[in-house]
Amino acid sequence: MADDGLKCVFKGQTFEAEIVRSRLEDSGIPAMIQNNSLSAVFSSYTYTAGDVTVMVNASDETAARALLADRSDTRPNVMRTFTKVQDLGDMDLALSEAFEIKKERFKFSELGKNRTLLMVFFNSSLRTRLSTQKAAMNLGMNVIVLDVNQGAWKLETERGVVMDGDKSEHLLEAIPVMGCYCDVIGVRSFAHLTDKAEDYEERILNQFIKYSGKPVFSMEAATGHPLQSFADWITIEEHKTVKRPKVVMSWAPHPKSLPQAVPNSFAQWMTYVGYDVVITHPEGYELEPEFTKGARIEYDQMKAFEGADFVYAKNWSAASAEHYGQILSIDRSWTVGERQMSVTDNAYFMHCLPVRRNMIVTDDVIEGPRSLVIPEAANREISATVVLKRILEGLSD
Ligand code: AN0
Ligand code: CP
């Protein structure tokens, strides 16, 4: 930790201090636990309230206090941030909640009364914008949408820059200001695909988590798209006929360089819930192992498709440090068509959309009876409603 003086932001028992410390660290705030309990030596009790403190750098004190103002971590199934599958907690519970909401989507319409969702878009969107706003409306929330590139001041994101160019405002002021006008923030901020370290640190998303003082969820950030994967998982659960389906994620060609967020999340979620996951792509398109562990990689697309129950097509650019963000292939033999689908076990076809026809998938397959692209999009409303519901439940007054 930096040497700018330490400040105490929590005093209490050891187990709570551990939760507080990990919550701070998860949000990018370095924290340490200090045990002040000399009395433990003389006492038969292990802990006395106030024995343990959590310390942060003085410069992080305000952000840490804002984060800790909400005590949702001590209650099950409520969320402060939603950026990855683990944030959902018990997956069976999450799924039953999704089905409960799907049956009765206005069941919790009082929960969001007088609460405001701010959706911040650094990039374009159709589904995320509409489904998340609909989810918020299901819960009785008010919604503000900010398209950063349309009408807002141009934002600087780097610290230390002399702002004598075309950017009028710094993200480090803009974020806490946004936090003043809402209770929950959704952020869409794609990978820039130029600097891998910057993208994989999730710099923009983490700055929102750290400086807004509000619960934050990802609406597709640099390395993940959890609301999409949650909806994809619900869709597979609705259509599967065996307990552990074979789910094949296939790379497919695309004329533009796309992020790895969707395939990263899909691989992470589908392995996490225990499906038989196979990933197929040309050599050079390997994803980061932290997302794919538990999946098999098969470079032969036809072999990968054999016996598949679900085929999930997606393009992504190279993730390796050497070729980060590059297009290494536009080989149209990878376009998913009848040829590939014919070796599957009458698989369903999936894609998160937007999709480029006859690059990613043929007209016939996407229009065919096994195409799930519209049900997947419809389930985005459900995944967003579950996530917002849990965040609302964790809000203190
Ligand atoms: C984006 C991507 O591949 O990450 C969004 C997908 C939901 N797709 C495009 O930019 C075409
Ligand atoms: N699938 C998805 O997130 O679509 P949008 O980019 O249109 O939001």
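Just so you know, these numbers come straight off a predicted model, no measurement behind them. First listed ligand is number 1; within each ligand, the first listed atom is number 1.
Protein residues with a heavy atom closer than 4.0 Å to ligand 2 are Ser125, Leu126, Arg127, Thr128, Arg188, His225, Gln228, Cys352, Leu353, Arg380, listed by chain and number.
Between Pro259 and Trp316 there is no side-chain heavy-atom pair separated by less than 4.5 Å. When side chains are defined from C-beta on, Asp195 does not count as touching Tyr324, because their heavy atoms never get closer than 4.5 Å.
Using cut-offs of 30° and 60° on the angle between ring planes, the pair Tyr285 and Trp251 is tilted.
Hydrophobic clustering, with ILVMFWY side chains joined whenever heavy atoms are under 4.5 angstrom apart, keeps Val242 apart from Leu372. Both Leu395 and Met119 sit in one connected hydrophobic cluster of ILVMFWY residues. Membership requires side-chain heavy atoms under 4.5 Å apart, directly or through other members.
Inspection of the Glu202 and Thr83 side chains reveals no N or O donor paired with an N or O acceptor under 3.5 Å.
For the pair Lys196 and Tyr200, the distance from NZ or CZ to the six-membered ring centre is under 6.0 Å and the angle to the ring normal is within 45 degrees.
Cluster partners of Val162: none. The rule joins Ile, Leu, Val, Met, Phe, Trp and Tyr whenever side-chain heavy atoms lie under 4.5 Å apart, and it links nothing here. Grouped with Phe122 in one hydrophobic cluster are Leu118, Val120, Ile144, Leu146, Val148, Leu155, Leu171, Leu172, Ile175, Met178, Ile185, Val187, Ile204, Leu205, Phe208, Ile209, Tyr211, Val216, the linkage being side-chain heavy-atom contacts under 4.5 Å among Ile, Leu, Val, Met, Phe, Trp and Tyr residues.
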Contacts table for ligand 1: protein N or O within a distance under 3.5 Å of ligand N or O, distances only.
unit_1, atom_1, unit_2, atom_2, d
ligand 1, 3 (O), Lys314, NZ, 2.7
ligand 1, 4 (O), Glu220, OE2, 2.6

